[in-house]
Visitor: 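Next up is a structure, given as structure tokens.
The structure displayed is predicted, hence computed values, not measured ones. Along the sequence shown, the residues carry numbers beginning at 1.
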Amino acid sequence: MDGPLGFFDLMPLEVVFCIFDTMKVEDLSILTITSKLMRNTVEQYRTTRKGITRLTPAAPSSVNDVTLIQNSYIKQFRVLGLFMKRSTCLYTTRDRLKIYELFLHKLDSARIELCRLCGKGFALYCYGRFISTVLAGWDNQECSRAFSSIHASSAVTKNTDTVLRSFCGQHPRSEKNLRTFLRKVFLDQYANLTDRGFWLSKILKPWPMVHQAKLLYLMYGPVCEEAILWDLLSYTTPASLGQAIRYQHDLAEAIQIMYARTSDWTEDDVLSIVDELTSVAESDWLAENLASLLLFCGNTITVKYMGSRAINGRMHELGNLVASFSVVITKFGYSTSWLIDVMQQVLEIMDNAKDRLSFLSHISSTFKEVLTEVADSGDDSQRDSEFMLVLDAQVEFSKEILSLAFKHMLPS
């Protein structure tokens with residue numbers, strides 16, 4: 001046949017649609033890029049009730065394993081995103097976004113079933129997989145338009161404004177829903193840190209610094225099943241490295257992304273956000289929790305943070321932070337040599353010997369203050385364990401300092 005659709009031109013449209021009913025969605029998506037007329041035919045099929053039913057993701061039959069069901073749904077939404085991406089590739093960005101929005105509204109039955117089987121969070125993750133597949137390869141300006149369109153259609157901007165202008169924990173359900181939406185639809189879709197940095201910028205940059213810090217904690221701070229744990233880091237410290245990772249690793253990774261993977265924040269901006277982050281709740285974080293956050297942030301950010309304190313003459317804070325670092329490193333089984341290296345870099349930032357001496361003096365006095373405070377507080381068993389932890393930290397710190405001081409007299 002020499003017609004535009006070949007042998008398909010011989011068939012009534014109803015018969016062509018019946019053939020489409022038997023095809024995999026992957027094959028239909030390839031069919032849309034064979035010719036403009038074939039794409040139009042597939043699009044016409046997509047808008048029919050039967051086509052919508054055929055394309056709607058569904059749980060595999062006779063499968064009870066939740067993991068297999070979830071993997072199936074993720075694959076179906078990815079394939080569906082590829083189908084929509086290919087079938088609309090010649091449209092303008094504005095028209096494509098309208099088509100995607102209308103199409104997703106027609107999949108409401110799949111959303112209800114997904115929520116029933118796997119929960120709302122997983123349903124949002126699947127929709128995020130569809131969106132990330134569609135947006136793959138788009139330039140930043142097009143992705144920004146997509147972000148604005150999604151925000152407008154989901155009323156996220158309004159909900160975000162309500163949460164940010166309220167006290168922490170005032171709207172626990174809205175806070176948790178906002179966290180789930182932003183993480184599942186945007187951030188958790190991307191393993192590439194640069195891509196995640198782009199979406200972090202879209203989410204955070206429209207807001208002032210204090211609200212950026214609050215949003216960052218909302219998205220990545222510790223959480224329980226019911227609510228964000230806003231004040232957890234203000235009154236307790238992690239009992240183990242594993243617990244510290246659960247509480248703070250995601251926050252630290254987000255800060256690293258903002259510092260190194262995007263140009264939307266300056267160095268001073270990132271340090272200001274860390275400051276705001278530690279006072280986001282009614283009470284400031286415990287010094288030990290700030291130390292563990294910086295430990296996860298890495299050497300560069302830690303030195304910059306401590307250096308900014310040194311330049312501003314905040315030696316007492318620096319001394320307290322070094323003592324807290326010692327405790328955290330001892331508790332988590334890290335090497336004290338990392339802390340000594342950081343201290344050397346901070347000392348090099350200071351302009352004069354008087355400031356350096358003040359810094360070192362405050363470290364010693366802080367250890368004394370912490371030991372005294374621990375000795376006068378808590379029940380016997382808790383007090384004894386905390387006292388020994390701080391004492392062990394001081395011993396390890398002193399050993400490292402002595403090894404460095406007498407390095408030339410010790411065996412290599």
Side-chain angles (χ1 to χ4, degrees), residues 14 16-33 41-88 96-136 146 149-150 153-156 173 176-191 195-196 199 219 223-226:
E14 291 81 2
V16 174
F17 285 177
C18 286
I19 294 174
F20 289 170
D21 286 338
T22 66
M23 295 176 65
K24 294 180 179 179
V25 179
E26 295 98 318
D27 296 333
L28 276 176
S29 73
I30 295 173
L31 205 58
T32 63
I33 57 176
T41 305
V42 175
E43 277 207 313
Q44 192 175 350
Y45 168 74
R46 174 176 58 77
T47 59
T48 64
R49 180 176 298 179
K50 198 171 184 181
I52 289 293
T53 302
R54 168 71 183 83
L55 295 171
T56 299
S61 57
S62 305
V63 175
N64 296 319
D65 186 274
V66 175
T67 302
L68 293 178
I69 293 173
Q70 290 180 342
N71 290 340
S72 174
Y73 267 116
I74 292 171
K75 180 181 178 181
Q76 289 179 72
F77 273 90
R78 183 188 64 80
V79 169
L80 198 56
L82 194 59
F83 168 78
M84 293 299 293
K85 181 183 182 71
R86 288 171 172 170
S87 66
T88 60
R96 294 174 88 175
L97 292 173
K98 288 180 180 178
I99 291 170
Y100 300 152
E101 183 178 352
L102 290 172
F103 180 71
L104 288 174
H105 278 310
K106 292 179 180 179
L107 299 183
D108 202 48
S109 60
R111 178 186 63 80
I112 295 171
E113 182 66 7
L114 258 175
C115 290
R116 185 186 68 82
L117 288 174
C118 305
K120 183 179 179 180
F122 182 76
L124 285 171
Y125 183 83
C126 287
Y127 277 78
R129 180 53 56 93
F130 172 90
I131 292 167
S132 64
T133 303
V134 162
L135 298 184
S149 176
I150 294 167
S153 63
S154 60
V156 171
R173 185 173 179 181
K176 189 73 183 299
N177 287 341
L178 181 59
R179 175 192 175 107
T180 303
F181 183 89
L182 295 174
R183 288 283 299 267
K184 300 298 183 182
V185 175
F186 297 112
L187 299 168
D188 291 354
Q189 297 294 332
Y190 298 92
D195 290 336
R196 209 181 304 168
W199 294 110
M219 293 187 295
V223 63
C224 66
E225 189 173 339
E226 297 82 14

Visitor: As an exercise, state the distance from CD1 of I30 to CZ of F83, rounded to the nearest 0.5 Å.
Guide: 12.0 Å
Visitor: Between Y45 and F17, is the ring centre distance below 6.0 Å?
Guide: yes
Visitor: Residues two or more places apart in sequence or in another chain: which of them pass salt bridge (Lys or Arg N to Asp or Glu O under 4.0 Å) with D27?
Guide: none
Visitor: Closest heavy-atom contact between L117 and A59?
Guide: CD1-CB, 3.8 Å
Visitor: Below 4.5 Å, heavy atoms only, C-beta onward: do L114 and F77 meet side chain to side chain?
Guide: yes
Visitor: Tell me the closest heavy-atom pair linking G81 and V134, and the distance in Å.
Guide: O-CG2, 3.5 Å
Visitor: Quick one: closest heavy-atom pair of V185 and L124, and the distance?
Guide: CG2-O, 3.8 Å
Visitor: Apply the test side chain to side chain contact (heavy atoms under 4.5 Å, CB included) to residues L107 and F130: give CA-CA distance (whole Å), side-chain angles for both, the deciding distance (0.1 Å), then the verdict.
Guide: CA-CA 12 Å; L107 299 183; F130 172 90; 5.8 Å; no
Visitor: Considering only residues two or more places apart or on different chains, which pairs with a residue in residues 61-85 satisfy salt bridge (Lys or Arg N to Asp or Glu O under 4.0 Å)?
Guide: none
Visitor: Could you please spell out the steps behind the side chain to side chain contact (heavy atoms under 4.5 Å, CB included) verdict for Q189 and W199?
Guide: CA-CA 10 Å; Q189 297 294 332; W199 294 110; over 6 Å; no
Visitor: Indicate the atoms forming the closest heavy-atom contact of P57 with A110, along with that distance.
Guide: O-CB, 3.8 Å
Visitor: Keeping the roles fixed (side chain from E26, backbone from V79), state whether a donor-acceptor pair exists under 3.5 Å.
Guide: no
Visitor: Does S149 have any side-chain contact (heavy atoms from CB on, under 4.5 Å) partners at least two apart in sequence or in another chain, and if so, which?
Guide: L97, E101
Visitor: Quick one: pull up OG in S87 and CD1 in I99 and give me the separation to the nearest 0.5 Å.
Guide: 7.5 Å
Visitor: Nearest heavy-atom pair of C118 and Q70: which atoms, and what distance?
Guide: SG-CG, 3.8 Å
Visitor: Fit a plane to each ring of F122 and Y125, take the angle between them on a 0 to 90° scale, and name the class: parallel (under 30°), tilted (30 to 60°) or perpendicular (over 60°).
Guide: parallel
Visitor: Check step by step if side chain to side chain contact (heavy atoms under 4.5 Å, CB included) holds for L31 and M23.
Guide: CA-CA 10 Å; L31 205 58; M23 295 176 65; 4.0 Å; yes
Visitor: So, taking the atom named CG in N177 and the one named NZ in K120, what distance separates them when rounded to the nearest 0.5 Å?
Guide: 4.0 Å
Visitor: Is it the case that the side chain of T180 and the backbone of K176 share a donor-acceptor pair, with hydrogens and angles ignored and the cut-off at 3.5 Å?
Guide: yes
Visitor: Inspect the contact between R54 and D21 and indicate whether a charged nitrogen and a carboxylate oxygen are less than 4.0 angstrom apart.
Guide: no
Visitor: Is the closest side-chain heavy-atom distance between R46 and V42 below 4.5 Å?
Guide: no
Visitor: Do the non-hydrogen side-chain atoms of S109 and T56 ever get within less than 4.5 Å of each other?
Guide: yes
Visitor: Hey, are T32 and R86 close enough side-chain-wise for a donor-acceptor pair under 3.5 Å?
Guide: no
Visitor: Working to the nearest 0.5 Å, report the span between CE of M84 and CG of L55.
Guide: 8.5 Å
Visitor: Which heavy atom of R96 sits nearest a heavy atom of T88, and at what distance?
Guide: NE-O, 3.1 Å
Visitor: Do F20 and K50 pass the side chain to side chain contact (heavy atoms under 4.5 Å, CB included) test, and can you show the C-alpha distance, the side-chain angles, and the key distance before you say yes or no?
Guide: CA-CA 10 Å; F20 289 170; K50 198 171 184 181; over 6 Å; no
Visitor: Roughly how far, to the nearest 0.5 Å, is OG1 of T48 from CD of Q44?
Guide: 8.5 Å
Visitor: Cut-off 3.5 Å, side chains only: do E43 and T47 have a donor facing an acceptor?
Guide: no
Visitor: Could you give the distance from CG (D188) to CE (M219), rounded to the nearest 0.5 Å?
Guide: 10.5 Å
